[in-house]
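One structure below.
Heavy-atom basis, side chains included; hydrogens, waters and symmetry copies ignored. We count residues from 1, following the sequence as given.
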Amino acid sequence: MGAKFVFNGSKVTEKNRTTTIASVRGNKIYAKTSYMPTANVKGSKILDRNSSTNVVANVRSGNLCSEASSSKICKMKDIHNQIEGPGEEIKAALWFYFVN
């Protein structure tokens with residue numbers, strides 16, 4: 001089947017397209033080319049917007065889990081199948097906010 005999205009380390013696009021869906025600057029993820037962060041990645045935790053405490057998901061044991069718990073949302077293998085490119089937590093956050 002192949003991946004539907006491509007992450008090049010700084011932006012996510014649909015495969016074979018040039019329109020930016022999300023951009024990544026450092027540990028922050030922005031919708032399209034916005035200046036307001038959609039998510040913040042800190043270690044294995046995915047935080048909402050610019051928060052340092054509001055955990056919306058986390059990467060644990062090869063799974064994307066809800067909030068700070070171990071309730072599985074999906075396997076990281078499935079995320080890697082949908083988004084080509086580097087990264088683990090950043091790709092999980094991109095999938096959670098933009099691909100899911």
Side-chain angles (χ1 to χ4, degrees):
M1 180 171 137
K4 295 179 183 176
F5 299 90
V6 177
F7 174 56
N8 69 4
S10 64
K11 67 180 180 177
V12 174
T13 60
E14 283 186 61
K15 195 166 193 167
N16 301 320
R17 305 237 173 167
T18 58
T19 305
T20 300
I21 296 170
S23 59
V24 177
R25 288 176 243 144
N27 63 342
K28 296 189 189 306
I29 298 172
Y30 302 83
K32 298 185 181 185
T33 55
S34 173
Y35 292 102
M36 293 296 294
T38 301
N40 181 15
V41 177
K42 189 173 188 180
S44 65
K45 295 180 178 156
I46 301 167
L47 306 150
D48 195 35
R49 302 204 176 268
N50 210 11
S51 172
S52 61
T53 58
N54 190 14
V55 178
V56 294
N58 71 83
V59 177
R60 180 179 295 181
S61 302
N63 296 311
L64 178 63
C65 301
S66 63
E67 299 172 348
S69 72
S70 58
S71 299
K72 185 173 92 172
I73 296 172
C74 72
K75 294 180 180 180
M76 285 303 299
K77 177 181 157 191
D78 298 332
I79 293 172
H80 292 303
N81 287 339
Q82 289 188 349
I83 304 173
E84 285 181 7
E88 187 82 2
E89 290 83 3
I90 293 289
K91 278 174 54 175
L94 291 166
W95 181 87
F96 186 80
Y97 279 98
F98 300 102
V99 176
N100 179 8

Tell me, please, which residues at least two apart from K28 pass side-chain hydrogen bond (donor to acceptor under 3.5 Å, both in side chains).
N50

Quick one: closest heavy-atom pair of V59 and A92, and the distance?
CG2-CB, 3.8 Å

Does F98 belong to the same Ile/Leu/Val/Met/Phe/Trp/Tyr cluster as I79, with side-chain heavy atoms less than 4.5 Å apart forming each link?
yes

Is the backbone of S44 close enough, under 3.5 Å, to the side chain of N58 for a donor and an acceptor to pair up by distance?
no

What are the two closest heavy atoms between A22 and I29, and how far apart are they?
CB-CG2, 4.4 Å

How far does CH2 of W95 sit from CG of L64, to the nearest 0.5 angstrom?
6.0 Å

Within the distance-only criterion (no hydrogens, no angle test), does the side chain of N27 pair as donor or acceptor with the backbone N or O of V41 below 3.5 angstrom?
yes

Quick check for you: to the nearest 0.5 Å, what is the distance between M76 atom CE and C74 atom SG?
7.5 Å

Are R60 and K72 close enough that some pair of their side-chain heavy atoms sits under 4.5 Å apart?
no

Value rounded to 0.5 Å, distance of OG1 in T20 from OH in Y30:
14.5 Å

d(K4 NZ, N16 CG) to nearest 0.5 Å is 13.5 Å

Rounded distance [0.5 Å steps], OG1 in T38 versus CG in L94
9.5 Å

What one should report as the nearest heavy-atom pair of G9 and V24 is O-CB, 4.3 Å

Backbone of G85 reached by a side-chain donor or acceptor of K91 within 3.5 Å:
yes

How many angstroms lie between CG in N54 and NZ in K45, if you round to the nearest 0.5 Å?
12.0 Å

Would you call E14 and T19 a side-chain contact if the rule is heavy atoms closer than 4.5 Å?
no

For residues Y97 and A39, report the shortest heavy-atom separation together with the two atoms involved.
CE1-CB, 3.4 Å

Joining Ile, Leu, Val, Met, Phe, Trp and Tyr whenever any side-chain heavy atoms lie under 4.5 Å apart, the cluster holding V55 also takes in L47

Sequence neighbours excluded, the answer for salt bridge (Lys or Arg N to Asp or Glu O under 4.0 Å) partners of E84 is K15

Would you say CZ of R25 has more than 12 non-hydrogen atoms from neighbouring residues, nucleotides or ligands within 6.0 angstrom?
yes

